[in-house]
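Below you'll find the structure, written out as structure tokens, and then a few comments.
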Amino acid sequence: MELEEYARSLLPLCFPLERDAHLLPGFELYREMVRARLLAMARVAFRRSFALLGEPTGSASFARYLAATPPRTPIIRELMGEFATHLVRDGLALAQAPAHAADLVRFEAAKWRVASASESPLAPALGEVDFEGELMLNDSLELLPLEYSVAATNEDEAGRHDPHTLLVYRRRGEDGVHWYRAPRLLAQLFAWVRSEPLPLPLAELVRRLVAERVAERVVERVAERVVEREVERDPPPDEAQLLLEELASGLTVAVERGVVLGSRPLPGLTK
Amino acid sequence: MQQVEGIGLGLRQPLARELFAADLPALRWLEIHPENYLGRGGQYAHLLARARERWPLLTHGLTQGFGSLTPYDPGALAALASFVRELGSPWHSDHLCVASVDGVYLHDLLPVPFTARAIAHIVARVRVLSDALGVPIAVEPISYYAMPPGAPASYAFDEADKLSEILERADARLLLDVNNVYVNARNHGFDARAFIDRLPIARVVQLHVAGHQVRADGFRIDTHAEPVCEEVYALFEYTLRKLGRPVPVLLERDDRFPPFAELAAEVERLDRIYRAALPETHAERAGESLGA
């Protein structure tokens, strides 16, 4: 048998859902070894998820993942992200699972990725946060929107419905993975920093954010008062002050925790 | 070119703390799997940085597989070339196997047929990799648990003979894994020493020594998770005496790590065999330590 025909016959061997009639005789051991190797890593990466779903359910989902999307990366650790994407959509696996199972998978996948995330060299070293510059976020940072408190170590608490955004990151030069809840305003700001196609001054993003939030609150209050037929009402809290406090403390904490690294001048601009 | 010889270990995260704290003069170099370090920050980047300060490093790939049917990715090759160059590895090694097919990675090492077309394909892949990395390639024949369909009964010695042709045409080197030879010999019923006698020994640049699992039915699995057995130690000594010159020798341990003292004892035993088999190397090293 020539190399091409032989090599292509290995694919259904290694990644079938069930034993196939045309399995190469004698190669069953390879099927078991490939699956065992990859599944062992999944059990480590998704320890709590496998415990929550049950080992048979987790393993069965992994087998379905391999059959549906055999590994397309030579980097074995990257497969865990692919498996997570599959698992959160795997109705068979989640049908009997607690409501927070999918969020738990997402959380464990984020921790796995962050643990190995690369660090880009920064030259020169970034300075303080400069509102006229581009805000620089930690390379490893992941913004994780969640419906449930799955980051809690207590499994009862993990199932509490509590929508929030979790920041998952690794401090530059260190090994441990950290996470904490981001204030809503900060999560929105960081999402914009990441998604803007061109770098923008931080001040521009903050102005946009504040305008959007104030407008949102104005619409809410007008709607409330119209519905309640309130002609007069006590003065509302100073929205600008609230936003200032939330953003200032949020950014300060982010700097202290190494989530925000500093700022760099925008292209074409010098101080 | 950096001279690397004597006994080495693979840089593995579970071993790292004790490895860096150990006083083990017999340990002369470390092996690095680029797939575990490329593009990776955090503790792996730190491990690599510390290892570079202390030992010469040799790179050993896991996923290129010279019998594979996935074209090389230019970006990945460039990254690997930069990595190998940065570490100063005098050669790069990977396996004589099928590791991927049409972009699907098997994450294991499967045997290749030794047809003329397959050999041409293998030679071409070795050459492309060598050109891209700018260093010689060392090819490692694998342990295999079944033979490709249609393979002759003499598959093992076919491999030994065809290996000479492959290495000659590709201008490549040989990474000889003594445990692979032993496992294959026991599983498929041939003489391990006779197999080694047929190899192009002049092209050997590196040896691997490892442990394997013996199943209840006597079948052997190349796990790298057990101590080296006496027969493999003996085969290692046989190979080294046949080789007659210094080479780097890896103690390949990848799983179920024992207490570090046990691993160190294996390193030291390999080193004793190495120095006894190559007394000139020992004399040179003694001369170095005396400042001669």
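Nothing here was measured: the structure is a model prediction, and the numbers come from that model. Order of the sequence lines fixes the chain letters, A, B, ..., with proteins taken first and strands second; residue numbering starts at 1 for each chain.
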- Message: Non-hydrogen contacts under 4.5 angstrom with chain A: give the residues of residues 106-131 of chain B involved, or none if there are none.
- Response: B/L106, B/H107, B/D108, B/L109, B/L110, B/P111, B/V112, B/P113, B/T115, B/R117, B/A118, B/H121
- Mind checking what makes side-chain contact (heavy atoms from CB on, under 4.5 Å) contact with A/R113, not counting sequence neighbours? A/A109, A/A110, A/E142
- Item | Contacting region of B/L62 [heavy-atom separation from chain A under 4.5 Å] | neither
- Part of A/R72 lying under 4.5 Å from any heavy atom of chain B: both
- For side chain to side chain contact (heavy atoms under 4.5 Å, CB included), just list the numbers for A/Y6 and B/V98, CA-CA rounded to whole Å, side-chain angles, deciding distance to a tenth of an Å, and then say yes or no. CA-CA 10 Å; A/Y6 158 70; B/V98 177; 4.1 Å; yes
- Message: To the closest 0.5 Å, what do you measure between CG (B/L47) and CG (A/D175)?
- Response: 7.5 Å
- Message: What part of A/L38 gets within 4.5 angstrom of chain B, counting heavy atoms only: side chain, backbone, both, or neither?
- Response: side chain
- Task: Kindly check if the number of other-residue, nucleotide or ligand heavy atoms within 6.0 Å of CZ (A/R47) is above 12?
- Result: no
- Between OG1 on residue B/T63 and CD1 on residue A/I76, distance to nearest 0.5 Å: 10.5 Å
- Message: Report which part of A/I75 has an atom under 4.5 Å of a heavy atom belonging to chain B: side chain, backbone, both, or neither.
- Response: both
- Message: Contact between A/S116 and B/Y44 at the side-chain level, heavy atoms closer than 4.5 Å - yes or no?
- Response: no
- Would you list the pairs meeting side chain to side chain donor-acceptor pair (under 3.5 Å) in which at least one residue belongs to residues 73-84 of chain A, sequence neighbours left out? A/Y65-A/E82, A/T73-A/E78
- Message: For A/E5, which atoms come within 4.5 Å of any heavy atom of chain B: side chain, backbone, both, or neither?
- Response: neither
- Note on the structure: Among A/S118, A/G173, A/P71, A/A115, the residue with the most heavy-atom pairs under 4.5 Å to chain B is A/P71
- Out of B/G150, B/P149, B/A76, which one racks up the most heavy-atom pairs below 4.5 Å with chain A? B/P149
- Message: Within residues 215-223 of chain B, which residues come under 4.5 Å of chain A, heavy atom to heavy atom?
- Response: B/R215, B/F219, B/I221
- The reported gap from OH in B/Y144 to CZ in A/F27 (rounded to nearest 0.5 angstrom) is 11.0 Å
- For chain B, find which of A/E119, A/R8, A/E174 contributes the most heavy-atom pairs closer than 4.5 angstrom. A/R8
- Item | chain A contacts, top residue of B/M147, B/Q43, B/Q64 (heavy-atom pairs, under 4.5 Å) | B/Q43
- Under 6.0 Å from the CZ atom of B/R17, do we count more than 12 heavy atoms belonging to anything else shown? no
- What pair of heavy atoms forms the shortest contact from A/Y30 to B/Y145, and how long is it? OH-N, 2.9 Å
- Task: Provide the closest heavy-atom pair for A/A7 versus B/L69 in the form atom of the first, atom of the second, distance.
- Result: CB-CD1, 3.6 Å
